[in-house]
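For reference, the structure is listed below as structure tokens.
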Amino acid sequence: MGSNSSRVGDLPKNEYLAKLSGTESVSENDPFWNQLFSFSFPAPTSSIELKLLEEATISVCKSLVENNPRTGNFAALVKVFLSRTKELKLSAECENHIFIWQTHNALFIICCVLKVFICEMTEEELQVHFTYEEKSPGTYGSDSEDLLEELVCCLMQLITDIPLLDITYEISVEAISTMVVFLSCQLFHKEVLRQSISHKYLLQGRCLSYTSKLVKTLLYNFIRQERPPPPGAHVFPQQSDGGGLLYGLASGVATGLWTVFTLGSAGSKQQNPELSSPLANQSLLLLLVLANLTDAPDAPNPYRQAIMSFKNTQDSSPFPSPSPHAFQINFNSLYTALCEQQTSDQATLLLYTLLHQNSNIRTYMLARTDMENLVLPILEILYHVEERNSHHVYMALIILLILTEDDGFNRSIHEVILKNITWYSERVLTEISLGSLLILVVIRTIQYNMTRTRDKYLHTNCLAALANMSAQFRSLHQYAAQRIISLFSLLSKKHNKVLEQATQSLRGPLSSSDVPLPDYAQDLNVIEEVIRMMLEIINSCLTNSLHHNPNLVYALLYKRDLFEQFRTHPSFQDIMQNIDLVITFFSSRLLQAGTELSVERVLEIIKQGIVALPKDRLKKFPELKFKYVEEEQPEEFFIPYVWSLVYSSAAGLYWNPQNIQLFTMDSD
């Protein structure tokens with residue numbers, strides 16, 4: 001970027017940047033490049049500072065856009081960087097700090113320029129900036145067309161092959177950021193891209209051979225959560241006497257220039273838990289972007305294939321054929337990282353992706369004996385629904401739905417006893433099973449949705465998860481049993497209110513205004529669907545695990561009047577048979593026992609009655625089982641979602657919101 005610049009505000013006047021973006025060509029062998037790459041200024045540590053950096057360099061970048069087709073300086077810059085990367089691995093082994101520092105700076109400049117290019121021009125125009133070579137007019141060779149592909153392959157190789165050391169941490173982060181920038185053309189299109197420059201280079205050709213290695217490296221970066229080195233430790237360690245040979249050499253090279261740029265490693269960024277590891281954060285974002293690329297017309301997305309097929313390092317069974325992008329990874333380490341990182345949208349989205357698409361991961365997780373480590377963070381996301389965006393809540397809910405498809409999971413969660421759930425504030429829970437806590441949180445989510453968002457999709461998935469668990473309900477906590485009946489009470493009141501409104505609208509005079517009357521029939525139909533689902537859940541528990549749930553019977557009897565109106569309702573008559581039988585049977589036994597019974601005595605009578613109740617008197621219904629099915633064209637949801645995470649993450653990248661077309665900036 002140039003000399004004599006220590007402040008962002010000096011960049012537009014910088015002579016080296018002026019030469020790069022000017023009207024004269026610069027040879028690849030010119031000493032200018034070493035001078036350009038020797039720079040420093042305080043690292044941007046917030047989106048505001050990143051915005052200032054972009055605003056300060058936009059005039060330089062636009063000059064480069066105008067002049068580069070004639071000068072080829074950007075292509076020369078890329079070639080100089082590519083030539084340096086061939087020696088990068090050896091430089092890391094030899095601890096050649098200066099070489100790595102300058103190579104990082106070269107890549108940082110490329111990333112800044114590429115971001116402006118992608119925002120300002122079409123893909124065809126972008127390729128023109130990568131195809132310049134010093135030849136006679138009209139003699140562009142076919143080799144020149146591969147410079148962009150060569151850069152992308154080089155970045156993939158840098159990410160996967162360069163050892164992660166203090167001195168290489170920043171260039172590894174920068175390589176991943178540049179890959180994200182390369183893929184960011186999607187941000188500037190309203191429609192999901194199905195054919196693009198990213199498809200051309202990442203789904204076929206030379207880059208394809210790096211697929212499994214890249215996915216594996218990005219996953220391990222997420223797993224390890226490597227923190228950045230202390231400021232200065234990864235470049236030239238300054239000694240107390242002000243020098244040492246290495247520092248002296250560096251000072252000589254960079255006299256009057258910038259010295260060390262430490263993107264994403266210093267200052268306030270480290271105080272942000274999400275960015276305690278910029279490398280892990282960027283790696284996860286890139287992985288999600290790659291996994292959600294649309295398939296090419298003639299080839300499926302290889303990164304999604306790799307995510308779908310990788311296995312545990314302890315699994316010695318052969319891979320099914322064909323598995324072109326298969327690899328192995330330590331599932332225990334991955335599971336631990338996923339449990340620890342669920343505070344972020346992107347980690348929850350990764351968990352969803354793995355559970356939904358990789359059967360090896362799903363089988364492994366469901367076999368774990370410490371599922372509470374995974375389930376509790378998911379429940380906490382749902383519990384704090386007011387503080388989360390809707391997509392994060394949906395992902396957490398779908399994860400629960402996928403888990404509850406497994407009967408083993410539904411049984412085991414009632415065997416895990418938890419102590420003192422501090423984040424659950426409605427009631428002190430000194431001891432409760434994981435299963436009962438899950439029921440409480442899902443019911444709370446339903447009630448929140450009923451009063452706030454009123455999203456039918458969220459309702460449906462919450463009820464589906466409860467339905468999947470219902471046959472396996474075991475030893476329900478009394479508060480969980482109460483909340484099940486309380487939810488039914490709330491639905492019953494809502495049903496009566498809508499029914500009354502519908503009746504009044506039919507009796508009232510026809511409206512002469514242009515305002516359409518509410519569709520009470522549709523509202524009534526929706527609420528009756530939800531009520532039937534709740535009755536089916538209660539019925540499923542009574543018919544399959546009555547003997548395990550005296551607290552639910554107690555709650556039913558306490559609120560038995562609620563169910564009276566539904567006994568003869570045509571929509572509920574069949575499902576009410578068992579509930580009515582249970583209420584009648586136990587009410588009779590309580591009457592026989594006398595009045596003024598204590599809670600303990602009532603529960604004792606219920607437990608005795610459960611043994612006495614003939615099971616063949618309860619009518620059998622088909623088992624409640626709901627499977628999560630991804631909607632048609634899921635990319636229409638996931639691609640904007642992933643890019644909104646990239647955009648909003650404090651990840652060392654900034655895009656002007658006025659240029660974004662994929663999603664609106666005020667949406668969550």
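Computed over heavy atoms, backbone and side chain alike; hydrogens, waters and symmetry mates excluded.
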Task: Side-chain touch I579/F566, heavy atoms, less than 4.5 angstrom - done: no
Task: Any H459 side-chain heavy atom under 4.5 Å of V526 side chain - done: no
- [ ] List for me each residue that meets side-chain contact (heavy atoms from CB on, under 4.5 Å) alongside N551, sequence neighbours excluded, and say none if there are none.
- [x] Q478, A481, L603
TODO: Can you sort out the partners of R444 under salt bridge (Lys or Arg N to Asp or Glu O under 4.0 Å), two or more places apart, ordered by chain and number?
DONE: E386, E426
- [ ] Report yes or no: do T313 and Q328 form a side-chain donor-acceptor pair below 3.5 Å?
- [x] no
Open item on the list: Just by distance, no angles: are the side chains of Y641 and D345 close enough, under 3.5 Å, to form a donor-acceptor pair?
Closed with: yes
TODO: Report the residues that fulfil salt bridge (Lys or Arg N to Asp or Glu O under 4.0 Å) with R427, sequence neighbours left out, ordered by chain and then residue number.
DONE: none
Task: Closest non-hydrogen atom pair between Q225 and A280, with its separation - done: NE2-CB, 3.4 Å
Task: Within residues 546-569 or reaching into it, pairs that qualify as salt bridge (charged side-chain N to carboxylate O under 4.0 Å, His left out) - sequence neighbours excluded - done: E564-R567, R567-D580
Open item on the list: Filter on ring-ring contact (aromatic ring centres under 6.0 Å, His included), then keep only pairs touching residues 336-377, sequence neighbours left out; what's left?
Closed with: F331-Y364, Y352-H356, Y352-Y628, Y352-F638, H356-Y628
Open item on the list: For K625, is the NZ atom crowded, meaning more than 12 foreign heavy atoms sit under 6.0 Å from it?
Closed with: yes
Open item on the list: Less than 4.5 Å apart, side chain to side chain, heavy atoms only: is that true for L218 and I176?
Closed with: yes
Throw together a table of side-chain donor-acceptor distances under 3.5 angstrom for residues 462-470, partners on residues two or more places apart or in other chains.
unit_1 : atom_1 : unit_2 : atom_2 : d
N468   : OD1    : F626   : N      : 2.7
N468   : ND2    : T404   : OG1    : 3.3
N468   : ND2    : F626   : O      : 2.9
S470   : OG     : A467   : O      : 2.7
S470   : OG     : S540   : OG     : 2.9

Open item on the list: Are there over 12 heavy-atom neighbours, none belonging to Y558, within less than 6.0 Å of that residue's OH?
Closed with: no
Task: Pairing residues for E635 by the salt bridge (Lys or Arg N to Asp or Glu O under 4.0 Å) criterion, not counting sequence neighbours - done: R194
Open item on the list: As a test of understanding, state which of L546, N549, I484 forms a side chain to side chain contact (heavy atoms under 4.5 Å, CB included) with C541.
Closed with: N549
Task: Residue pairs involving residues 532-551 (criterion salt bridge (charged side-chain N to carboxylate O under 4.0 Å, His left out); sequence neighbours excluded) - done: R532-E536, R532-D574
Task: Pairs flagged by ring-ring contact (aromatic ring centres under 6.0 Å, His included) wherever residues 582-608 is involved - sequence neighbours left out - done: none
- [ ] Enumerate the residue pairs fulfilling salt bridge (charged side-chain N to carboxylate O under 4.0 Å, His left out) with a member in residues 591-602, sequence neighbours excluded, ordered by first and then second residue.
- [x] R601-E604
Task: Flag side-chain contact, heavy atom, 4.5 Å: L376 against L434 - done: yes
- [ ] Report the residues that fulfil salt bridge (Lys or Arg N to Asp or Glu O under 4.0 Å) with K620, sequence neighbours left out, ordered by chain and then residue number.
- [x] none
Open item on the list: Is it the case that the side chains of Q346 and N281 hold a donor-acceptor pair, with the cut-off being a distance below 3.5 Å and no angle test?
Closed with: yes
Task: Nearest atoms (heavy-atom pairs only) where L542 meets L618 - done: O-CD1, 3.7 Å
- [ ] Output all residues satisfying side-chain contact (heavy atoms from CB on, under 4.5 Å) with S588, sequence neighbours left out; order by chain, then residue number.
- [x] Q592
Task: Over 12 foreign heavy atoms within 6.0 Å of NZ, K627 - done: no
TODO: Would you name the heavy atoms of I605 and A593 that are closest together and state the gap between them?
DONE: CD1-CB, 3.3 Å
TODO: Would you name the heavy atoms of W423 and L379 that are closest together and state the gap between them?
DONE: CH2-CB, 4.0 Å
Open item on the list: For D315 and N360, which I'm curious about, is there any donor-acceptor pair between the side chains at under 3.5 Å?
Closed with: no
TODO: Please name the residue in the list L403, L351, L334 that meets the side chain to side chain contact (heavy atoms under 4.5 Å, CB included) test with M365.
DONE: L351
Open item on the list: Please tell me whether Y479 and S436 have a donor and an acceptor in their side chains that are separated by less than 3.5 angstrom.
Closed with: no
- [ ] Walk me through it: do F222 and L338 pass the test side chain to side chain contact (heavy atoms under 4.5 Å, CB included)?
- [x] CA-CA 9 Å; F222 168 73; L338 286 166; 3.9 Å; yes
Open item on the list: What verdict does the salt bridge (Lys or Arg N to Asp or Glu O under 4.0 Å) test give for D523 and K497, after you've listed the backbone C-alpha separation in whole Å, the side-chain angles of each residue and the deciding distance to 0.1 Å?
Closed with: CA-CA 11 Å; D523 290 348; K497 182 179 179 181; over 6 Å; no
TODO: Report yes if the side chains of V289 and Q186 come closer than 4.5 Å at any heavy-atom pair, otherwise no.
DONE: no
Open item on the list: Ring of F310, cation from K216 - is the NZ or CZ under 6.0 Å from the centre and inside 45° of the axis?
Closed with: no
